[in-house]
Amino acid sequence: GESVGLHLPTLSVQEGDNSIINCAYSNSASDYFIWYKQESGKGPQFIIDIRSNMDKRQGQRVTVLLNKTVKHLSLQIAATQPGDSAVYFCAESQAGTALIFGKGTTLSVSS
Amino acid sequence: GAVVSQHPSWVICKSGTSVKIECRSLDFQATTMFWYRQFPKQSLMLMATSNEGSKATYEQGVEKDKFLINHASLTLSTLTVTSAHPEDSSFYICSAPRHSGNTIYFGEGSWLTVV
């Protein structure tokens, strides 16, 4: 079946560097995408979302890019901090249906 | 504060018993709620869609007789794990979309340990 996946299971960066986490999705009908951060023992925490009518959206220190041509989603974190260390999931949905989550990327930030 | 509340946060039960987890939308009505399960170091897997006033829709491979879902009101969905076994030990989490803002909210999650 169709699913959302991630290119890399782990990403290690130095504090202050920019981080880029990638996600490939396969359902071309998906029209809503969200990035979540999950810390150990907790539920997913919303970071940023984007709809299919956009290709870029910026938040505070985060940017999400959507490339519908190649069905690719990325999360950019500027000036990564130790507190950003967590597992990051992309998720997609179609017309208000349930979110389908990707496998997750573990981001480790060292000081 | 929490917009979707889940209870209990954690529960330990004996093998063979049943456990009920509640998911409440606190300040909005949710005709639909979603239940996920997450095993350690894995992603959230959709188990079922809970529909107010009708039967839940289960994902492939999820036993509907084992994971009973009831959505009797517009603010409450319950997931009951029947005849729990150690392999059911997991993190269970619900979500509810608020259509007025087209936002999806997650509960805090429930840790289930079956011993």
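Note on naming: letters A, B, ... go to the chains in the order of the sequence lines (proteins, then strands), and numbering restarts at 1 for each one.
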Taking only distance into account, so ignoring hydrogens and angles, what donor-acceptor contacts under 3.5 Å exist between chain B and chain A?
residue: B:Tyr36; atom: OH; partner: A:Leu99; partner atom: N; Å: 3.1
residue: B:Tyr36; atom: OH; partner: A:Leu99; partner atom: O; Å: 2.7
residue: B:Gln38; atom: OE1; partner: A:Gln38; partner atom: NE2; Å: 2.8
residue: B:Gln38; atom: NE2; partner: A:Gln38; partner atom: OE1; Å: 2.8
residue: B:Ser43; atom: OG; partner: A:Gly102; partner atom: O; Å: 2.4
residue: B:Asn102; atom: O; partner: A:Arg51; partner atom: NH2; Å: 3.4
residue: B:Trp111; atom: NE1; partner: A:Gly41; partner atom: O; Å: 3.4

Quick check on B:Leu44 against chain A: is it the side chain, the backbone, both or neither that has a heavy atom closer than 4.5 Å? both

Atom pair [atom1]/[atom2] of [X] and [Y] - distance to nearest 0.5 Å:
X: A:Ile47; Y: A:Leu75; atom1: CD1; atom2: CG; answer: 5.5 Å
X: A:Ile50; Y: A:Leu65; atom1: CD1; atom2: CG; answer: 7.0 Å
X: A:Ile34; Y: A:Leu73; atom1: CD1; atom2: CG; answer: 10.5 Å

If you tally heavy-atom pairs under 4.5 Å against chain B, which of A:Ala98, A:Gly43, A:Gly41 wins?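 Heavy-atom pairs under 4.5 Å are most numerous for A:Ala98.
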
Quick one: are B:Val4 and B:Met33 in side-chain contact, heavy atoms under 4.5 Å? no

Check: A:Pro44 and B:Ile93 side chains under 4.5 Å, non-hydrogen atoms: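 A side-chain contact exists here, since the closest heavy-atom pair is under 4.5 Å.
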
Let me see the working for B:Ile69 and B:Leu79 under side-chain contact (heavy atoms from CB on, under 4.5 Å), right down to the final yes or no. CA-CA 5 Å; B:Ile69 291 174; B:Leu79 168 68; 3.8 Å; yes

Is there a donor-acceptor pair under 3.5 Å between the side chain of B:Thr80 and the backbone N or O of B:Thr82? no

